[in-house]
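Written below as structure tokens is the structure these notes are about.
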Amino acid sequence: MSVAKKQYKRITTKSLVEMKKNGEKIAMLTAYDYTMAKIVDSSGIDVILVGDSASNVMAGHETTLPITLDQMIYHAASVVRGIERSLVVVDLPFGSYQSDPKEALRSSIRIMKESGGHAVKLEGGKEVKDSIKRILNAGIPVMGHLGLTPQSIYKFGTYTVRAKEDEEAEKLKADALMLEKLGCFAMVLEKVPAKLAKEVAESVSIPVIGIGAGNGVDGQVLVVHDMIGMTHEFNPRFLRRYLDLYSEMTTAFENYRSDVKSGDFPNDQEQY
């Protein structure tokens with residue numbers, strides 16, 4: 001006998017825990033501006049991540065490292081103005097939390113006060129334990145992030161799948177339990193073996209959101225520009241493209257250029 005899924009007027013951290021408990025998968029996408037956030041929110045997406053991936057898709061940087069706290073706040077504030085239902089989670093950028101728990105708290109407070117976001121996300125396990133505790137003690141919800149942590153790309157040297165070896169897998173499992181115990185409301189697992197991700201999701205009571213982590217977790221997240229095909233050079237195995245906007249937009253721009261050059265645009269009906 002199937003159980004009717006609860007309809008949420010607004011998604012909260014509590015809503016996500018209830019979804020996991022009820023076996024309802026969580027849908028999460030990124031957004032970085034008002035217009036995109038409004039579309040994503042109206043589509044019924046549960047969580048909008050204002051990701052530091054804005055460094056790549058919005059600013060053209062090779063990594064997520066260059067984006068600043070001020071820039072993250074700007075993007076997050078734009079997103080918050082466009083939503084009515086989704087939970088908005090904002091990435092703490094590189095350098096804003098790793099070495100100093102007090103700096104982590106200051107960064108998180110700025111995000112919450114200046115953007116209106118609902119929670120912050122940060123990368124790492126035991127290494128950032130004190131920062132997580134400091135943020136949580138201030139009443140700010142925290143989403144963890146384990147597995148491939150892009151802010152540590154120069155440490156890893158590659159974007160390959162993480163935790164394939166036993167030692168790293170055991171550390172990941174221990175870190176996941178620690179994040180739950182500290183009080184994180186959810187975590188992202190990025191590019192880890194599906195079997196390990198499923199094991200982690202089953203070992204904790206908080207939602208585990210996967211990206212390249214298989215279908216045994218509690219939800220999925222993708223970068224919106226990737227899944228609608230605005231980017232076209234990036235083709236990891238975990239990415240499903242639901243649109244090919246790169247081709248459609250290129251064709252539209254070429255048609256516009258042609259119509260302007262020929263004098264066809266604007267026509268009589270498009271003038272005052």
Side-chain angles (χ1 to χ4, degrees), residues 13 28 30 47 49-56 63-69 72 76 89-112 117 119-138 140-193 196-197 199-201 203-204 206-213 217-219 221 223:
T13 56
M28 179 170 164
T30 63
V47 185
L49 173 65
V50 186
D52 58 4
S53 47
S55 180
N56 310 107
T63 71
T64 61
L65 302 185
I67 198 163
T68 67
L69 181 61
M72 287 301 303
V89 179
V90 185
D91 268 339
L92 282 166
F94 177 72
S96 68
Y97 65 91
Q98 284 92 341
S99 61
D100 181 0
K102 291 181 180 178
E103 180 67 20
L105 177 58
R106 285 193 292 268
S107 301
S108 300
I109 288 173
R110 281 200 61 201
I111 285 174
M112 300 297 282
V120 299
K121 180 171 78 64
L122 51 77
E123 297 179 3
K126 186 178 179 182
E127 311 81 21
V128 293
K129 177 181 178 180
D130 291 339
S131 291
I132 294 172
K133 287 173 67 176
R134 183 67 66 107
I135 297 167
L136 287 168
N137 284 343
I140 299 172
V142 175
M143 176 181 282
H145 184 145
L146 300 173
L148 175 66
T149 47
Q151 291 180 9
S152 303
I153 181 57
Y154 291 125
K155 173 185 174 183
F156 293 141
T158 176
Y159 286 108
T160 191
V161 176
R162 306 303 311 172
K164 291 190 290 185
E165 304 300 326
D166 289 346
E167 183 178 354
E168 190 176 352
E170 289 303 315
K171 181 183 184 306
L172 187 145
K173 287 190 282 188
D175 281 340
L177 291 171
M178 182 205 73
L179 292 177
E180 177 188 31
K181 186 175 180 180
L182 287 175
C184 291
F185 71 90
M187 71 184 79
V188 167
L189 284 188
E190 181 169 356
K191 285 190 86 171
V192 300
L196 173 62
E199 185 178 342
V200 170
S203 72
V204 295
I206 61 175
V208 175
I209 313 296
I211 176 166
V217 291
D218 305 302
V221 60
V223 172

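- Salt-bridge check for K121 with D91: passed, with a basic side-chain N closer than 4.0 Å to an acidic carboxylate O.
- Atoms CE and CE, from M187 and M143 in turn, are 10.0 Å apart once rounded to the nearest 0.5 Å.
- The backbone N or O of S96 lies less than 3.5 Å from a partner atom in the side chain of S107, making a donor-acceptor pair.
- Summarising the local packing, NZ of K173 is surrounded by more than 12 heavy atoms from other residues, nucleotides or ligands at distances under 6.0 Å.
- A distance-only check finds a donor-acceptor pair linking the side chain of S55 to the backbone of T63 [under 3.5 Å].
- Here D52 contributes atom CG and T30 contributes atom OG1; the two are 10.5 Å apart, rounded to the nearest 0.5 Å.
- Between the CG atom in L196 and the CD atom in E170 there is a gap of 8.5 Å [rounded to 0.5 Å].
- The shortest distance between side-chain heavy atoms of V204 and L177 falls below 4.5 Å.
- Contact detail for D218 and A201: the closest heavy-atom pair is OD2-CB, 4.1 Å.
- We find the NZ-SG distance between K133 and C184 to be 12.5 Å, quoted to the nearest 0.5 Å.
- With rounding to the nearest 0.5 angstrom, the NZ atom of K129 is 10.5 Å from the CG atom of D175.
- Note: L122 CG to T149 OG1 = 11.0 Å, rounded to the nearest 0.5 Å.
- Side-chain N or O atoms of E127 include one that pairs as donor or acceptor with a backbone N or O of G125 at under 3.5 Å.
- Using a 4.5 Å cut-off on side-chain heavy atoms (C-beta onward), V192 and L148 make no contact.
- The minimum heavy-atom distance linking G124 with L179 is given by the pair O-CD2, 4.2 Å.
- Of the possible donor and acceptor atoms, one in the side chain of Q98 sits under 3.5 Å from a partner among the backbone N and O of G95.
- Taking 4.5 Å as the limit, every side-chain heavy atom of R106 sits out of range of all side-chain heavy atoms of L69.
- L172 places none of its side-chain heavy atoms less than 4.5 Å from the side chain of R162.
- A salt bridge is absent between E168 and K171; no separation between the charged side-chain nitrogens and carboxylate oxygens falls under 4.0 Å.
- In terms of heavy-atom proximity, E180 sits nearest to I206 at CA-CD1, 3.9 Å.
- Smallest separation of non-hydrogen atoms from E123 and V128: O-CG2, 3.7 Å.
- With hydrogens and angles ignored, the 3.5 Å screen pairs a side-chain donor or acceptor of S131 with a backbone N or O of Y97.
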side-chain contact (heavy atoms from CB on, under 4.5 Å) evaluation trace for M112 with V90: CA-CA 9 Å; M112 300 297 282; V90 185; over 6 Å; no

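- When side chains are defined from C-beta on, L92 counts as touching I135, because their heavy atoms get closer than 4.5 Å.
- For A119 against F185, the heavy-atom pair with the smallest separation is CB-CE2, 3.6 Å.
- The shortest non-hydrogen separation linking L105 to A138 is CD1-CB, 3.4 Å.
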